[in-house]
Each structure stands twice: as C-alpha cells, then as structure tokens.
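Below you'll find the structure, written out as structure tokens, and then a few comments.
For ligands, and for the atoms within them, numbers begin at 1 and follow the listed sequence. All of these numbers come straight from a predicted model, not from anything done at the bench.
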Amino acid sequence: MLSANNLKVDSGLEKLPCKMGIFFLIPIFMIHSPILNYKTGIVVMKSSIPVIHMKAAVLVSVGKIAIKNVDDPVADPGGLVIGVKACGICSTDVKMWRKGQRDLRCPRILGHEVVGVVIESRTDAFSAGDRVQIFPGVVCGECRNCRTGRDNLCSKIKIIGFSYDGGFAEMMKVPPESVRMAGLNRIPSTLGYEKATLTEPLACCLNCAEKLGISPDDTVLILGAGTMGLLNASIAKLRGARVLVAEVMRERTELAKKAGADRVIDPGSEDLVEVVHEETDGRGADAIIPAFGGAAALYPVFDLLAKGGRLCLFSGLPDSESIKNIDLNSIHYEEKMLVGAYGCTSSHNRMAINLLAKDLSLDWLTVRAVRLDDIEEGLRSAEEKKQLRAVVTN
Ligand SMILES: [Zn+2]
Ligand SMILES: [Zn+2]
C-alpha cells in the first residue's frame, strides 16, 4: 500500500528544466494518481485523462504546419513518455511537409530523429530521468526480417514521425513495442542531446557501409556533401577506405575534407568520370553512395563503377526518374553489383550511439538550434540548404 513514507517522486523530474518541472508537478499532484514501480521504489504520476496541453508542431495537411496545443501524451502499459530535448530536422521531414508520404496520415506531429528524457514510465526497463534516443521503427519482432536482424524491413513496421506522432513537440509517447523490441538507447553521459540526434542518420550510413562491405582496399565515391554524404564519408574513412566526395557547393569542400575526403571533386567544373578514373588508375570506384535524392539519376553511376564495384541506392529517386542506361551486361560480365539501403535497424542505432560517444567527434558538423515555434523557418532553411543541419530544441 502507498503511504507518505514510500511515496517518493523520482529525482529525475528535478533534472527537468525549472519551467517544465513546475509545469508538471503542480497539476500532477492535484489530479493524477501515482503508479509505483515496485522494483525501484519510484513513483511515477499517471493521469487517466490528459488535462494539460503541450505545444506541438502539427502537420495539419500537406504543406501546412501549425503550432498547436494538443493533449499531453499518456504512457500505455509497458510504454513511456519522454520530454523531447532535441529532434533533428531531416530532408525526409521537408519532403513530408511539402509533398506528403505514402505512410503519412494528417494531422501528424513529424520528427523521427528524437532524443529526450523519460518523464513517465510504465515499464521496469526505464525510469523517469533516463536520457534516451529513440529508434523510429516500431517493429513486430516476429516476422522473418525481424528474426534475422533486419527489423528495418519488418512486414508490420510503423515509424515514429510517420505513422505515430513524433518529436516536433514538447513531449512524445513511446509505444510499448519500442520498449520491448530494444528501440530505446540510453544516451551515454559524455554525449549531449544535440549530437545524440545524429544517432539515427548515422545508423542509416552504417547500414549503407555494411551493405557495401566497405573495406580498406576500397576507393569509395560519395555523391553529395550534405549531412548524409558527410556522415557516409566519416564511416567510409573509419573503415579504412580511400574517400572521394563529389559536391558542387564550394562552401562544403572544406567540410568534406574534415569529414574524411581524400579528394573533393566539383562536378560543376571538373569531369567527374575523368577524375574518378584518374584517382583510381583507370579502374573506377569500388563503391558508390549517391547521398542525396536523385543523385543516382543525375550522375552516370555505372560508368563510374569499377569491375566488381558496388552501387548502393541509399536515397530514393523521384517517381519520374530512374537510373538511365544501366548496361545489364556489365552486371554479368563485370560483376557490378547494385544494392539498396533503406533506413536502419535497431542494432545500427545501438552501434551509432556508441560511435558518437567514443570514436566519431564530428566537431566539424555545426548544428543550428531552432525553437519549436520557429519550425516552419527551420524546415524552410533545411529545404534551401542554408545550413548543414538544424535541430529543434526544447
Ligand atoms: Zn531522418
Ligand atoms: Zn517484424
């Protein structure tokens, strides 16, 4: 039975910003009932009816995003609610805002590169105050792909920020399936929230490097030096490869070098095929990563590839475009290989967060912090490539 002696509010709440702590505690004590975690002795306050209204950026319809007050999320049994600390603005968010997406239903709170602090827990696995990163895939754990470690291809996958409300809000509900299927990672104490938002994008690059089997013998060509191109360059370098990056924006040349490029090629003023062949003794690149939407259609990727080389389709192509002039005979006679990488698995997320905490400083990657109220401006500046990376912070 609960008594005044054993009713203890988790000290994690004290770690919340002052404003937020008062915001939660006063109304919670007035109308909420306590839930005791018997293992830890921690009491978490839980409401059956959401009464406080958090602020969220809601995609009301394609093209229209608005700051609204919506019901606070309430944790399901086995799940939890986090106070969002930071959420990356990704080109996928821009695409969903402008054009929609096949799995997207409005109204929806976007944002899938989410980190935060647990504020309500209905699972023994996490307690209020834990700092966590969320793998956006909500997967079944039972289908063949889940059982063989490819949960990004789960037959029942749902995605936070697409089919569940995401992180462009003050709080976010994490479904029990995410907790059960190891979709949450504790953020190491050495890693700040803004940098921790890179976990998911970096995990996508780890998936790509794995699919390509990048090794120290390889020369890897990366098309584009946006955030994903630069993260791919860092991973290729970490795996010991020689790295070529093609980028037309002059201001990104230095960044590409800092990320690990041995040679940056400007396809606007240089002949890309010629330079790649020069740099590889006429062989061509052993692995190619088109790192922005449409890159695989824009460049003659098969001409750039060495015999036995691998091309990874890392980002989607617009419906109206396809890779032109694929010589299918080169797949047979020259053993060129075409592979795909779609998002990342939960295990890539675990690897990525550890890399960010230890082996990858990425201190060249400047991040612009955007307040939730300014989300539309943040999306627009991401669309116009005004900065390398923007993150919504609370
Ligand atoms: Zn993303
Ligand atoms: Zn599955």
Side-chain angles (χ1 to χ4, degrees), residues 57 59 84 86-104 108-116 133-168 172 175-183 185 193-208 224 226-232 235 289 291-293 314-316 341-349 352-353 356 362 365 367-368 370 375 378-379 381-383 385 387-392:
L59 186 72
V84 176
C87 183
I89 298 179
C90 160
S91 56
T92 307
D93 299 312
V94 175
K95 201 155 77 181
M96 290 202 287
W97 169 49
R98 287 298 196 197
K99 297 179 185 159
Q101 200 264 356
R102 58 189 172 159
D103 296 324
L104 177 71
R108 175 67 65 220
I109 301 169
L110 304 181
H112 57 274
E113 298 173 2
V114 195
V115 298
Q133 178 267 339
I134 319 292
F135 162 55
V138 181
V139 300
C140 77
E142 289 164 5
C143 71
R144 181 180 161 76
N145 286 331
C146 279
R147 284 187 281 108
T148 52
R150 299 188 298 173
D151 54 17
N152 58 326
L153 302 179
C154 170
S155 59
K156 294 178 185 159
I157 194 166
K158 288 195 157 61
I159 301 175
I160 290 174
F162 292 53
S163 34
Y164 286 87
D165 281 336
F168 293 155
M172 189 186 87
E177 295 87 339
S178 289
V179 179
R180 208 168 55 239
M181 300 315 303
N185 296 304
Y193 285 116
E194 285 183 18
K195 192 173 168 192
T197 63
L198 287 166
T199 303
E200 191 269 348
L202 187 67
C204 296
C205 301
L206 288 173
N207 184 22
C208 178
T227 306
M228 298 313 274
L230 296 170
L231 291 178
N232 271 305
I235 297 292
I289 304 171
F292 64 89
F314 177 71
S315 47
Y342 174 57
C344 50
T345 66
S346 53
S347 97
H348 290 128
N349 276 250
I353 203 163
L356 286 170
L362 305 182
L365 206 167
V367 174
R368 180 184 163 207
V370 175
I375 181 80
L379 286 164
S381 66
E383 182 178 42
K385 297 186 169 60
Q387 74 277 311
L388 200 55
R389 181 163 172 81
V391 166
V392 173

Does any N, O or S atom in Asp93 come within less than 2.8 Å of the Zn ion (ligand 1)?
no

Got a sec: is Cys90 within less than 2.8 Å of the Zn ion (ligand 1) via an N/O/S atom?
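For Cys90, the answer is yes, given that an N, O or S atom comes within less than 2.8 Å of the Zn ion (ligand 1).
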
Distance-only donor-acceptor check, side chains [X] and [Y], under 3.5 Å:
{"X": "Arg144", "Y": "Ser155", "result": "no"}
{"X": "Gln133", "Y": "Asn349", "result": "yes"}
{"X": "Ser381", "Y": "Arg368", "result": "yes"}

Can a salt bridge be assigned to the pair Glu142 and Arg147 using a cut-off of 4.0 Å between side-chain N and carboxylate O?
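No, Glu142 and Arg147 are not salt-bridged.
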
Looking only at N, O or S atoms in Glu113, which is nearest to the Zn ion (ligand 1)?
OE2

Here the vertex angle at the Zn ion (ligand 2) for SG of Cys140 and SG of Cys143, given to 10°, is 110°

